[in-house]
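Per chain, numbering begins at 1; letters A, B, ... match sequence-line order.
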Amino acid sequence: MSTATSNERYNAPDRERHWQSVWADARTFEADNGTDKPKYYVLEMFPYPSGRIHMGHVRNYAMGDVVARYRRARGFNVLHPMGWDAFGMPAENAAMERKTHPGTWTYENIAVMRDQLKSMGLSLDWSREFATCDPEYYAQQQRLFLDMLDAGLAYRRNAMVNWDPVDQTVLANEQVIDGKGWRSGADVEKRELTQWFFKITEFADELLEALDDLDRWPEKVRLMQANWIGKSRGIDIPFHRTDDGDPIHCYTTRPDTIRGASFIAISPEHPVAQSLAADHADIADFIAECRAMDTTEAALEKAEKRGIATGLTVGHPVDPDRTLPVWIGNFVLMDYGTGAVFGCPAHDQRDLDFARKYALPVANAFRMPGNNAEVADEALAPAKSETVVYIDHFAGITTATSQEGIDATIDWFEANGLGVGETRYRLRDWGVSRQRYWGCPIPVVHCPKCGVVPEKRENLPIKLPDDVTFDKPGNPLDRHETWKAVDCPECGGPATRETDTFDTFVDSSWYFARFCSPKAEAPVEPDAANYWLPVDQYIGGIEHAILHLLYSRFFTRAMKRTGHLDLVEPFAGLFTQGMVNHETYGSKETGWYAPSDVRLEGEGAARTAIVIETGASVPIGGVEKMSKSKRNTIDPTDIMAHYGADVARWFMLSDSPPERDVQWTEAGVEGAWRFQQRIWRLMADAMPRVGDAPTDKPDSLSDAALALQKSAHKAISSVSEAIETLRFNRAVAHIYEFTNVVADTLKGSKQGASGSTEDASFAWALRDALERLTHMLGPMMPHIAEECWARLGYNTLLAEAAWPDVDPALLVDDLMTIAVQVNGKRRDELEISRDADKAAVEAAALKLDGIVRALDGRDVKKVIVVPQRIVNVVA
RNA sequence: GCGGGCGUGGCGAAAUCGGUAGACGCAAGGGACUUAAAAUCCCUCGGAGGCAACUCCUUGCGGGUUCAAGUCCCGCCGCCCGCACCA
């Protein structure tokens with residue numbers, strides 16, 4: 001290696017390629033299934049192969065890599081794999097636009113992105129890589145499905161879906177914009193289709209209860225999942241029809257409002273409504289209108305509450321003298337509760353609006369203390385903790401609308417035979433059928449004689465056919481006659497393959513388990529899976545807080561029930577990182593300009609962005625998530641080619657706490673780059689002073705050497721703690737601080753007489769400090785750290801070296817500085833021995849100039865001494 | 001509407017046990033080196049006052065608890081996120 005001088009710059013791109021190939025050749029990061037070391041499984045959410053990596057990936061994978069490299073150095077057997085979430089619609093869209101096959105497009109993207117990830121220098125075990133579109137992967141997914149079918153965890157039923165009549169496919173709710181298909185622009189219809197479902201509701205209560213034990217998950221994510229599962233305790237109350245006595249069951253969580261009931265509203269899809277439609281044209285019309293209604297959230301928000309009277313009446317369950325009219329309401333959901341509700345206008349705003357519109361009566365069920373007014377335009381809705389005074393039935397039974405109060409009213413209904421308490425969930429079963437080509441085929445066959453028949457396991461995988469065309473809308477599988485035509489696995493007669501494929505969330509619901517044994521002939525190898533799982537640290541975006549993370553929790557339970565796994569929770573630790581933002585340049589009017597298209601001028605409020613090509617001035621907009629539409633993206637490849645991967649990683653870990661959004665700035669990257677060069681110069685300047693430092697710690701250290709050693713041990717301790725708690729920004733700050741100490745120490749020291757004891761102890765301490773600094777840099781800037789390691793004379797790899805030990809004795813100082821306050825205001829500080837007793841501290845504090853001056857002759861009333869922390873003199 | 005989070009310098013942020021508010025970085029200003037620039041190094045850097053020693057103010061706003069509050073409690077204001085015809 002050449003001898004660097006202070007002027008020589010560190011050539012990051014060149015050295016990074018070198019170390020990447022060294023790691024690859026040594027197979028440094030390939031994990032063994034089972035060693036006597038403790039295991040640690042680090043996983044970042046695998047990417048969709050869209051074509052190029054973006055800064056969000058860089059941030060995500062940089063964080064995961066810090067954890068992986070740190071744990072490896074701490075003696076763990078680390079599994080840190082990478083793969084591709086490779087099925088999905090963009091590949092089909094690309095196929096339509098570019099006339100390529102979705103598979104070709106996907107695998108080409110994977111090749112590009114793999115190279116990009118490799119240039120980041122991540123400590124990944126590439127030998128375990130797979131894509132979910134590999135037949136070897138989806139074959140095992142089909143096997144899992146058949147097992148789940150056997151276990152009753154998968155089933156088929158009719159369901160209402162968003163149907164795009166032009167593209168001829170089901171659309172997810174997110175793909176319906178203003179009632180129109182996002183691609184075709186066609187009016188979306190509601191259509192009833194037979195769909196495959198996974199029975200996630202089977203585990204509703206368990207998925208909810210187990211959240212309490214996920215103590216290394218963000219509280220926010222656990223709350224979001226709890227809300228999504230939406231457990232509620234209520235009661236099913238039958239209201240009997242006055243004509244034939246048949247009950248209409250209404251579900252409510254507020255049985256205490258029964259006195260205020262003034263009508264019943266049923267869903268347009270309710271069986272009673274459906275049967276009335278046969279004889280009444282106006283009701284049939286109303287139902288048809290409701291069905292055509294736009295179902296997007298935004299539209300529902302604005303949608304008018306409308307209804308039609310059925311002419312039916314029911315008896316009031318508690319008050320035999322009263323009858324209530326039955327209405328059909330467009331706001332009643334068939335798939336929540338019983339599809340029927342009783343309206344209580346006095347205490348529910350929506351019911352009140354409805355009652356006013358159709359002139360229905362309004363009756364109070366209770367009054368709130370100090371409020372005896374009749375309900376006018378606003379419903380009387382108490383907070384859960386507020387005490388209310390009931391009228392009639394519940395007078396004396398409940399005193400509050402708390403859960404205890406509600407439970408008491410439920411008991412009352414049950415005791416009187418008027419209803420049955422029920423626990424309900426908002427969570428619905430997971431519909432997984434998609435009318436798409438580029439997904440995992442659902443391995444079943446439709447036989448005219450035997451009905452729906454599961455494929456035989458020996459016929460798996462049911463592979464996607466390659467000869468498909470995308471010149472027509474709809475699912476190419478559906479018009480592929482030879483692929484569709486099969487013999488029935490049961491009777492051998494002519495039958496048809498299922499042409500729906502799985503939702504791509506199925507693919508990502510168990511990939512973490514597959515990484516344990518990616519080549520296995522079964523979905524997982526139990527020994528490998530039980531060794532590695534659960535994932536110790538999972539890192540990804542908050543946008544997956546519900547869907548992916550809930551589905552994975554379900555799948556793990558399903559895989560336990562079907563005998564594949566021996567655990568229920570896949571991710572012991574979860575971390576959700578923030579986004580990468582950038583300023584925007586331009587506006588809707590001027591169009592948006594990429595950061596490389598503009599030149600920035602001026603400062604503060606006078607800053608302007610000039611379009612380089614035209615010289616036009618455009619507005620500088622807000623700091624927003626990097627996105628193609630606003631063109632405020634920075635390509636990681638450019639950054640890595642220019643500054644190197646270490647710099648990109650370092651900047652992504654600096655400054656902002658990892659869970660918060662970080663702003664990408666040119667100045668910030670340059671700061672990271674300067675730091676890298678500074679490390680390089682520091683090594684170059686310090687190595688001559690290290691010279692032939694003794695390898696063993698000298699018996700006694702000079703003051704300077706001891707001070708440096710203490711700083712080094714404190715820094716290692718702080719950085720370790722910061723990494724373990726995933727506070728990477730603090731780890732970065734501690735490294736900066738320690739780098740400053742080493743540089744200052746070097747500058748402040750003079751070379752003594754050659755061979756002197758003092759000089760030898762300094763050389764030893766300096767060398768030790770540089771080694772420790774190198775270790776600290778390792779997880780974050782792994783390439784330059786290897787370079788420093790080599791420079792320190794090692795011919796081993798830092799990536800395989802053990803994290804340095806900390807001597808606790810070096811973390812404490814004998815002398816310490818504590819603040820001294822007078823009446824709570826700092827007036828001076830005291831340097832005193834760490835173990836000075838209270839009396840000594842008090843005496844010394846009262847003698848300080850600043851304290852004497854502040855007291856100004858006043859009597860001391862009291863002195864509070866908190867040893868090793870503070871003294872407060874009360875005067 | 002329901003649930004949750006956050007408000008600290010010009011900026012990103014530290015201070016997570018109630019104990020010196022602003023570590024560390026960025027930006028900015030001044031200086032050294034240089035023919036010059038870049039790079040590098042040194043100094044200043046929350047606000048106000050003062051020649052200085054130093055004093056006063058300061059963690060969204062208003063109260064409170066405490067010897068001591070960015071941190072705990074009560075009440076406001078603002079921003080962000082999630083869920084939502086959920087009965």
Side-chain angles (χ1 to χ4, degrees), chain A residues 6-7 9 218-228 230 232 234 250-255 257 265 267 297 300-305 329-333 335-344 348-351 353-354 379 381 383-384 424-426 542-543 545-546 603-605 623 651 654-657 659-663 665-672 674-675 677-678 681 725 727 729-740 743 747 817-830 849-850 853-854 861-866 868-875:
Chain A
S6 304
N7 301 324
R9 280 199 183 166
E219 184 62 23
K220 183 188 170 79
V221 174
R222 291 193 280 167
L223 271 165
M224 282 166 70
Q225 291 212 355
N227 289 339
W228 187 263
S232 70
C250 294
Y251 176 73
T252 183
T253 55
R254 291 293 304 280
T257 62
S267 165
E297 282 179 22
L300 286 172
E301 180 79 20
K302 281 176 267 164
E304 203 185 350
K305 312 294 179 260
N330 66 350
F331 56 88
V332 184
L333 304 175
D335 48 2
Y336 187 82
T338 54
V341 297
F342 71 77
C344 178
D348 182 281
Q349 195 60 43
R350 186 198 59 209
D351 291 347
D353 294 345
F354 191 81
K384 287 219 164 170
R424 290 200 176 253
Y425 298 89
R426 212 186 66 104
I542 185 77
E543 66 274 18
I546 296 174
E603 270 168 44
V623 176
F651 178 47
S654 316
D655 289 357
S656 286
E659 70 279 8
R660 241 181 267 180
D661 289 357
V662 66
Q663 187 187 350
T665 61
E666 201 59 30
V669 198
E670 277 168 10
R674 279 200 300 274
F675 176 68
Q677 297 300 332
R678 194 168 164 226
R681 277 198 312 277
T725 52
R727 288 182 278 205
N729 57 321
R730 292 210 292 197
V732 165
H734 289 305
I735 293 172
Y736 268 118
E737 218 165 8
F738 181 57
T739 305
N740 290 343
K747 231 175 285 164
T817 308
I818 59 175
V820 182
Q821 302 176 325
V822 174
N823 292 336
K825 288 193 177 174
R826 193 188 78 90
R827 295 297 175 182
D828 210 333
E829 53 187 37
L830 178 66
D849 290 349
R853 189 169 48 232
K861 294 202 184 96
K862 193 165 145 192
V863 180
I864 287 134
V865 179
V866 183
Q868 294 160 32
R869 281 193 176 261
I870 206 162
V871 178
N872 190 11
V873 180
V874 185

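- A donor-acceptor pair is defined here as one N or O able to donate and one able to accept, closer than 3.5 Å; no such pair exists between the side chain of A/Asp348 and the backbone of A/Gly343.
- Nucleotide B/rC86 holds its P atom 12 Å from the CD atom of A/Gln349, rounded to whole Å.
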>> Pair A/Asn823, A/Val874 - check side-chain contact (heavy atoms from CB on, under 4.5 Å), show working.
In response: CA-CA 5 Å; A/Asn823 292 336; A/Val874 185; 3.8 Å; yes

>> Give the dot-bracket line for RNA chain B from 5' end to 3' end: parentheses for intra-strand Watson-Crick or G-U pairs under 3.5 Å, square brackets for crossings, | for inter-strand pairing, dots for unpaired.
In response: (((((((..(((......[....))).(((((.......))))).((((....))))..(((((..]....))))))))))))....

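- Residue whose closest nucleotide on RNA chain B sits further toward the 5' end, between A/Phe342 and A/Lys825: A/Lys825.
- Here the side chains of A/Asn729 and A/Asp655 are not in contact, with every heavy-atom distance at 4.5 Å or above.
- Looking at the side chain of A/Arg826, the nearest of the listed nucleotides B/rU20, B/rC42, B/rG25 is B/rU20.
- Across A/Lys305 and A/Arg350, no two heavy atoms sit closer than the pair CE-CG, 3.8 Å.
- Rounded to the nearest Å, the gap between the P atom of B/rA69 and that of B/rC86 is 46 Å.
- Taking atom P in both B/rA21 and B/rU16, the straight-line distance is 13 Å, to the nearest Å.
- Within 4.0 Å (heavy atoms only), A/Arg660 reaches sugar-phosphate atoms of the nucleic acid but no base atom.
- Counting to the nearest Å, the P atom of B/rG4 and the CD1 atom of A/Ile542 are 16 Å from each other.
- Counting to the nearest Å, the P atom of B/rA87 and the CG atom of A/Leu333 are 10 Å from each other.
- Looking at heavy atoms from C-beta onward, A/Asp351 lies out of side-chain contact with A/Phe342 at the 4.5 angstrom threshold.
- Of the candidates B/rA87, B/rU20, B/rU40, the closest approach to any side-chain atom of A/Arg674 belongs to B/rU40.
- To the nearest angstrom, P of B/rU16 lies 16 Å from CD of A/Glu659.
- Within the 4.0 angstrom heavy-atom criterion, no nucleotide atom of any strand lies near A/Val662.
- A distance of about 14 Å separates the P atoms of B/rG9 and B/rG70, rounded to the whole Å.
- No engagement by A/Ser654 is indicated, since no non-hydrogen atom pair under 4.0 Å with the nucleic acid exists.
- With a glycosidic angle more than 90° from 0, B/rG30 adopts the anti conformation.
- At the phosphate of B/rA87, OP1 or OP2 sits under 4.0 Å from a side-chain N or O atom of A/Tyr336.
- The interatomic distance linking A/Ile864 (CD1) with B/rC67 (C1') rounds to 3 Å, in whole Å.
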>> Could you go through A/Gln225 and A/Arg222, starting from their C-alpha distance and side-chain angles, then the distance that decides it, and tell me whether this counts as side-chain contact (heavy atoms from CB on, under 4.5 Å)?
In response: CA-CA 5 Å; A/Gln225 291 212 355; A/Arg222 291 193 280 167; 5.9 Å; no

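- Atom C1' of B/rC17 sits at a distance of 14 Å from the matching atom of B/rA68, rounded to the whole Å.
- Residue A/Lys861 is classed as having no contact, given no heavy-atom separation below 4.0 Å to the nucleic acid.
- Across the C1' atoms, B/rG46 and B/rG82 are found 36 Å apart, a figure rounded to whole Å.
- A/Val866 comes within contact range of at least one nucleobase, with a heavy-atom separation under 4.0 Å.
- A/Asn823 comes within 4.0 angstrom of nothing in the nucleic acid, heavy atoms only.
- Computed from coordinates, the A/Arg254 CZ to B/rC85 C1' distance equals 17 Å when rounded to whole Å.
- Nucleic acid contact for A/Leu223: sugar-phosphate only, since backbone atoms but no base atoms lie under 4.0 Å from a heavy atom of the residue.
- Using a 4.0 Å heavy-atom cutoff across all strands shown, A/Arg222 reaches no nucleic acid atom at all.
- Each of A/Gly339 and A/Asn729 lies near RNA chain B, and the nucleotide nearest A/Asn729 is the one positioned closer to the 5' end.
- No side-chain heavy atom of A/Arg827 sits less than 4.5 Å from a side-chain heavy atom of A/Val873.
- Checked by distance alone, A/Lys305 brings a side-chain donor or acceptor within 3.5 Å of a matching partner on the base of B/rC85.
- Listed nucleotides: B/rG3, B/rA39, B/rU20. Nearest to the side chain of A/Arg9: B/rA39.
- When the P atom is compared between B/rG63 and B/rC57, the two are found 15 Å apart, to the nearest whole Å.
- Side chain of A/Arg426 to backbone of A/Trp228: a donor-acceptor contact under 3.5 angstrom is found.
- Across B/rA87, B/rG19, B/rC54, the shortest atom-to-atom separation from the side chain of A/Val341 is found for B/rA87.
- Distance from the side chain of A/Asn740 is smallest for B/rC24 among the nucleotides B/rC24, B/rC41, B/rG3.
- In the set B/rU20, B/rC41, B/rC83, B/rC41 carries the atom at the smallest distance from any side-chain atom of A/Arg681.
- Between the P atoms of B/rG60 and B/rG12, the separation comes to 14 Å (whole Å).
- Here A/Thr665 lies out of heavy-atom contact (under 4.0 Å) with every strand.
- Judged purely by atom type and a 3.5 angstrom limit, A/Asp828 has no side-chain atom pairing as donor or acceptor with the backbone of A/Val820.
- Between the C1' atom of B/rG5 and the CD atom of A/Glu219 lies a distance of 11 Å, rounded to the nearest Å.
- Comparing the same atom, P, in B/rG7 and in B/rA14 gives a spacing of 9 Å after rounding to whole Å.
- At a cut-off of 3.5 angstrom, the base of B/rC67 holds at least one donor-acceptor pair with the side chain of A/Asn872.
- Under 4.0 angstrom from either OP1 or OP2 of B/rA87 there lies no side-chain N or O belonging to A/Arg426.
- For A/Ile546, whose side chain is taken as the heavy atoms from C-beta onward, the closest listed nucleotide among B/rG25, B/rC54, B/rC83 is B/rC83.
- Checking B/rG3, B/rG82, B/rA23 against the side-chain heavy atoms of A/Glu737 singles out B/rA23 as nearest.
- With distances taken from any side-chain atom of A/Lys220 to the nucleotides B/rG25, B/rG19, B/rC81, the minimum falls on B/rC81.
- For A/Glu829, counting side-chain heavy atoms from C-beta on, the closest listed nucleotide (B/rC54, B/rG82, B/rU20) is B/rU20.
- Among all heavy-atom pairs drawn from A/Thr338 and A/Tyr251, the shortest one is OG1-N, 3.4 Å.
- In this structure, A/Leu830 and A/Thr817 have side chains that are not in contact, with every pair of non-hydrogen atoms separated by 4.5 Å or more.
- Rounded to an integer number of Å, the gap from A/Phe675 CZ to B/rC24 P is 13 Å.
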